[in-house]
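Given the structure is predicted, the values throughout are model-derived calculations rather than measurements. Chain letters run A, B, ... following the sequence lines, proteins first, then strands; residues in each count from 1.
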Amino acid sequence: MPELPEVEVIRRYLVPVLLGRVIEQVWVRSAPPVFLTPPRALARRLLGERIVEVERRGKYLLFLLGTGPRLLVHLGMTGQLRLVADEVRRASPLPRGGPIEAMLDRHVHLKLRLSGTGLALLYRDPRRFGRLQWLDAQAKSRRLDRLGPEALTVSGRQLQGAARGRRLAVKSFLLDQHALAGVGNIYADEALFLAKILPTRGVQTLNDAEWRRLSNSLCKVLTAAIQRGGSSIDDYVRPDGTSGRYQTRHRVYGRTGRPCPSCRAPVDLVRIGQRSAHFCSRCQR
DNA sequence: CAAATCCCCTGCAGGC
DNA sequence: TGCCTGCAGGGGATTT
């Protein structure tokens, strides 16, 4: 689900709430394969740590802890980080089916109680494609080290360099996190539309100007999406449960058969590398 | 080495 | 109403 804009929106929301807070209680549900670090060991290590920074790399979030280690979080397709009131309500049970009760369902895998806030941070993930990992103070992470440059700030030259010697569709290239970090299916389609480049084009066929247009389009689309709180299609919500508003601005993603916002021709759909690609065959070349 | 394929999961929409 | 199929924002391991 979440691509770079959604992860960044979550990060910015969490920073003012979490920084300086101590994790004073940890609850885990052992549901493989979410826990790259065994859940009980993860809980033991998180307890008592102070959160000193929250960083993002590609689609990963890193919670930096006071004694040096980090908690690495990837949200997969349906992962959510939610802030909820962590009160004990014995006298008045929660209303059935209410939003808070929904947050305490079987899909919650981790709950961190935050000092001085009355809040808990929940990790919830129905499909369990997300991952949680403890990284020791000096430990290197192969997952992080192998990521390509950040899509938000990548240059045309960098993109071109990463594609050198490769032969694959430009759409597949944008989705390869080792080539470029942060882009997923929505923003790959949107950026290619803005750059007027067909998703099926081989990377070896793009010229300098096209690589430049692509990097500019990536920056433009990702920035606009962050500004509007990300794209809420199905599961994605911000930590307070509210939806993003960029999904209404999608030009081609999820708009198969509907008019291209630029030329009114119907938006096309093809499969590229097992994933759907939306595009306008008139505007994109 | 690079690229294609399969698989991990749940939930939902659409067809019958 | 139920059952079936296909599809979904990700990415890793395995195969070719």
Side-chain angles (χ1 to χ4, degrees), chain A residues 1-10 29-36 56-61 72-81 102 105-109 123-133 141-148 151 161-193 199-204 218 221-222 225-226 228-238 243-257 269-278:
Chain A
M1 151 187 45
E3 307 182 26
L4 185 153
E6 289 75 31
V7 178
E8 178 62 17
V9 167
I10 291 168
R29 178 194 305 277
S30 183
V34 169
F35 291 89
L36 295 175
R56 181 190 58 75
R57 180 79 176 89
K59 301 176 193 172
Y60 288 91
L61 278 176
L72 181 65
V73 176
H74 193 292
L75 299 172
M77 291 273 265
T78 55
Q80 300 176 334
L81 287 167
D105 63 17
R106 66 195 178 98
H107 298 309
V108 173
H109 304 292
Y123 177 73
R124 181 173 183 274
D125 187 359
R127 284 179 76 180
R128 286 184 269 144
F129 285 173
R131 296 292 183 264
L132 303 173
Q133 184 177 24
S141 164
R142 191 170 305 136
R143 292 165 193 274
L144 291 177
D145 290 346
R146 294 176 58 185
L147 290 175
R164 192 166 300 133
R166 302 189 61 180
R167 295 176 68 87
L168 76 169
V170 62
K171 167 71 185 285
S172 301
F173 171 75
L174 292 178
L175 295 179
D176 179 355
Q177 301 300 301
H178 306 311
L180 179 69
V183 176
N185 215 31
I186 295 177
Y187 299 106
D189 283 358
E190 293 297 309
L192 286 165
F193 174 80
T200 47
R201 288 269 303 279
V203 288
Q204 71 279 9
L218 284 166
V221 161
L222 297 172
I226 291 169
R228 293 188 67 84
S231 301
S232 291
I233 304 287
D234 196 10
D235 296 88
Y236 165 72
V237 286
R238 289 176 277 199
S243 296
R245 290 163 299 129
Y246 194 70
Q247 64 281 3
T248 64
R249 301 293 179 97
H250 293 172
R251 290 150 169 101
V252 286
Y253 181 84
R255 296 179 45 83
T256 311
L269 174 70
V270 293
R271 302 289 296 180
I272 301 175
Q274 334 284 95
R275 327 243 359 226
S276 54
H278 312 75

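None of A:Leu222, A:Val221, A:Val9, A:Ile186 except one satisfies the side-chain contact (heavy atoms from CB on, under 4.5 Å) rule with A:Tyr246; the exception is A:Val221.
A search for side chain to side chain contact (heavy atoms under 4.5 Å, CB included) contacts involving A:Arg167 returns A:Gln204, not counting sequence neighbours.
Not one side-chain nitrogen or oxygen of A:Gln177 sits closer than 4.0 Å to the OP1 or OP2 atom of C:dG10. Applying the 4.0 Å criterion to OP1 and OP2 of B:dG11, one finds that A:Arg128 has every side-chain N and O outside that range. A:Ser276 has a side-chain polar atom (N or O) that falls below the 4.0 Å cut-off from OP1 or OP2 of C:dA8. Contact between the side-chain N/O atoms of A:His74 and the OP1/OP2 oxygens of C:dG11 is found at a separation under 4.0 Å. One finds a side-chain N or O of A:Arg275 lying less than 4.0 angstrom from the OP1 or OP2 phosphate oxygen of C:dG10. Taking only side-chain nitrogens and oxygens, A:Arg271 comes nearer than 4.0 Å to OP1 or OP2 of C:dA8. Look at A:His107 and you won't find any side-chain N or O under 4.0 angstrom from OP1 or OP2 of B:dC9.
Among C:dA8, B:dA3, B:dT10, the nucleotide with an atom closest to any side-chain atom of A:Met77 is C:dA8. You'll find that the side chain of A:Arg167 is closest to B:dA3, out of B:dC9, B:dA3, C:dG10. Across C:dG11, B:dT5, B:dT10, the shortest atom-to-atom separation from the side chain of A:Gln274 is found for B:dT5. The side chain of A:Phe129 approaches B:dC8 more closely than any other nucleotide in the set B:dC8, B:dA3, C:dA8.
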- Residues A:Leu36, A:Leu132; criterion side-chain contact (heavy atoms from CB on, under 4.5 Å); working and verdict: CA-CA 6 Å; A:Leu36 295 175; A:Leu132 303 173; over 6 Å; no

- Query: Going through the distances and angles, do A:Val183 and A:Leu4 end up as a side-chain contact (heavy atoms from CB on, under 4.5 Å)?
  - Reply: CA-CA 6 Å; A:Val183 176; A:Leu4 185 153; over 6 Å; no

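Evaluation of the side-chain hydrogen bond (donor to acceptor under 3.5 Å, both in side chains) test over residues 168-177 of chain A, restricted to residues two or more places apart or in two chains, returns A:Arg166-A:Asp176, A:Lys171-A:Asn185, A:Lys171-A:Asp189.
Heavy atoms of A:Tyr246 sit nowhere under 4.0 angstrom from any nucleic acid atom. Nucleic acid contact for A:Ser172: none, since no nucleic acid atom lies under 4.0 Å from a heavy atom of the residue. Residue contacts for A:Arg143: at a heavy-atom cut-off of 4.0 Å it reaches the sugar-phosphate backbone alone, with no base atom in range. Among the protein residues, A:Tyr187 comes within range of no part of the nucleic acid, since none of its heavy atoms lies under 4.0 Å from any strand.
When rounded to the nearest whole Å, the span between CZ of A:Arg127 and P of C:dG6 equals 16 Å. The distance from atom CD1 of A:Ile272 to atom P of B:dA4 is 11 Å, rounded to the nearest whole Å. Here B:dC12 presents its P atom at 20 Å from OH of A:Tyr236, a figure rounded to the nearest Å. When the C1' atom of B:dA3 is taken as reference, atom CD of A:Gln204 falls 13 Å away, rounded to whole Å. Protein atom CZ of A:Arg146 is 13 Å distant from nucleotide atom P of C:dG11, rounded to whole Å. Remark: P of C:dG10 and CG of A:Leu147 are 14 Å apart, rounded to the nearest angstrom. Atom CG in A:Leu75 sits roughly 11 Å away from atom P in C:dG10 (whole-Å rounding). As a whole-Å value, the separation of A:Phe173 CZ from B:dA4 P is 14 Å.
For the residue pair A:Ser231 / A:Tyr187, a side-chain donor-acceptor distance below 3.5 Å is found, with atom types taken as modelled.
Counting only distance, with no hydrogens or angles, the side chain of A:Arg57 and the backbone of A:Tyr60 share no donor-acceptor pair below 3.5 Å. Side chain of A:Arg124 to backbone of A:Gln80: no donor-acceptor contact under 3.5 angstrom is found.
Remark: the separation of the P atoms in C:dG6 and B:dC6 is 14 Å, to the nearest Å.
Taking the side chain as every heavy atom from C-beta outward, A:Ile10 and A:Leu75 approach each other to under 4.5 Å.
Secondary-structure stems of DNA chain C, taken as three or more successive Watson-Crick or G-U wobble pairs (i with j, i+1 with j-1) under a 3.5 Å distance threshold, comprise B:2-8 with C:10-16, B:10-16 with C:2-8.
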